[in-house]
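All heavy atoms count here, side chains included; hydrogens, waters and symmetry mates do not. Residue numbering restarts at 1 for every chain, and letters A, B, ... go by the order of the sequence lines.
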2 protein chains.
Amino acid sequence: MILRHMLNQSTDLNRLFHALADPARRAMVERLSRGPAPVSELARPLPMSLPAAMQHLDVLEAAGLVRSEKVGRVRTCAIEPQALSQAERWINARRTEWEHRLDRLGEYLKTLESEGDGDGSDE
Amino acid sequence: MILRHMLNQSTDLNRLFHALADPARRAMVERLSRGPAPVSELARPLPMSLPAAMQHLDVLEAAGLVRSEKVGRVRTCAIEPQALSQAERWINARRTEWEHRLDRLGEYLKTLESEGDGDGSDE
DNA sequence: CCGATGGTTAGGCAATAGCTTTAGTATCAA
DNA sequence: TTGATACTAAAGCTATTGCCTAACCATCGG
């Protein structure tokens, strides 16, 4: 099952980053980071109809960023913290990769320097 | 100018997250995290035509994730580390928000407990 | 029961995304 | 100069996105 998890990770990240690529959806996530809220409260500040806001909410739920539960006639939405951390991990992995690379490059340049090779060009 | 920067930040994040929402583009970023590469090398592993890959590259450049320079007939691409950190900051800001909120919630629940109120129900 | 409230479904429409093929333009190597 | 290499530009096609309006359904408060 961990194998399946890895295979689907790409799709997960697609949905995740896609969900975050819209300002209305990010606004919803920002609001929910401060606590749960019903659909109408998420929709109110947005410059669009209620159904449009609902569709954004669907995208957030499909991405696993938001979970919601309906009690009576009001659906209360809450953020799903671990979803964002997957995106964070991907970004961090990239950063450590290029940082290591730059470290190695720095070492290499230092080596050249101490060998007295006079080509000091960079880039 | 810092004001203008803040106003455009939303658009920046749109482009940034949108760029990351595609597996072909993430593959390019992953490759470039390990060092610069020409266009053809970025395109080779992808299941699509070269012009298609070029279009993905354009998206990455427009998002500020990649910078490229053409010398002779080969365009060499490199990652732009600070672009990703902007996305990272947004995610981090959300996490600290909800962590603080959960901390406050924990404090509140502890208060209730020490007041001897017997409703121990959770979610 | 009745109206108002909160949400949902459905259908349609314009714009964008992602890809293709075709046809270029420079460069480099011989 | 000629052919291969590396990229670029343009046009077109399909699917998806993001939005709308117009219904509809299910509570809840009298």
Options [options], nucleotide nearest the side-chain atoms of [X]:
{"X": "B:S40", "options": "C:dC19, D:dC7, C:dT8", "value": "D:dC7"}
{"X": "B:P51", "options": "C:dC19, C:dT21, D:dC20", "value": "C:dT21"}
{"X": "B:R75", "options": "C:dT20, D:dC7, D:dC20", "value": "D:dC7"}

Which pair of non-hydrogen atoms, one from B:E97 and one from A:E30, has the smallest distance, and what is that distance?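 Shortest heavy-atom separation between B:E97 and A:E30 comes out as OE1-O, 4.0 Å.
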DNA chain D: 5'-proximal contact among A:A21 and B:T76 (nearest heavy atom):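 Looking at DNA chain D, the more 5' nearest nucleotide goes with B:T76.
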5′-ward residue of the pair B:E41/A:Q55 relative to DNA chain D: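 Counting from the 5' end, the first nearest nucleotide belongs to B:E41.
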When the distance from [atom1] of [X] to [atom2] of [N] is rounded to whole Å, what number comes out?
{"X": "A:L20", "N": "D:dT17", "atom1": "CG", "atom2": "P", "value": "15 Å"}
{"X": "A:N14", "N": "C:dA17", "atom1": "CG", "atom2": "P", "value": "16 Å"}
{"X": "B:M48", "N": "D:dA15", "atom1": "CE", "atom2": "C1'", "value": "15 Å"}
{"X": "A:M54", "N": "C:dT8", "atom1": "CE", "atom2": "P", "value": "4 Å"}
{"X": "A:L50", "N": "D:dG18", "atom1": "CG", "atom2": "P", "value": "17 Å"}
{"X": "A:L57", "N": "C:dT9", "atom1": "CG", "atom2": "P", "value": "12 Å"}
{"X": "A:K70", "N": "C:dT5", "atom1": "NZ", "atom2": "P", "value": "17 Å"}
{"X": "B:H56", "N": "D:dT8", "atom1": "NE2", "atom2": "P", "value": "16 Å"}

Do the side chain of B:R26 and the main chain of B:L20 share a donor and acceptor less than 3.5 angstrom apart?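 The answer is yes, because a donor-acceptor pair under 3.5 Å joins these two groups.
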Please check: side-chain N/O of B:R25 versus main-chain N/O of B:A19, any donor-acceptor pairing under 3.5 Å?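 Yes, the answer is positive, given that a donor and an acceptor are paired below the 3.5 Å cut-off.
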[N] phosphate, OP1 or OP2: any side-chain N/O from [X] under 4.0 angstrom?
{"X": "A:H18", "N": "C:dT16", "value": "no"}
{"X": "A:S49", "N": "D:dT21", "value": "no"}
{"X": "B:R73", "N": "D:dA4", "value": "no"}

Once you apply a heavy-atom cut-off of 4.0 Å, does [X] come out as touching a base, just sugar-phosphate, or nothing?
{"X": "A:A52", "result": "sugar-phosphate"}
{"X": "B:R44", "result": "nothing"}
{"X": "A:P38", "result": "sugar-phosphate"}

Are B:H56 and B:M28 side-chain neighbours, meaning at least one heavy-atom pair lies under 4.5 Å?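 Answer yes - side chains close enough.
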For the pair A:W90 and A:F17, name the ring-plane relationship: parallel under 30°, tilted 30 to 60°, perpendicular over 60°.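 A:W90 vs A:F17 ring planes: perpendicular.
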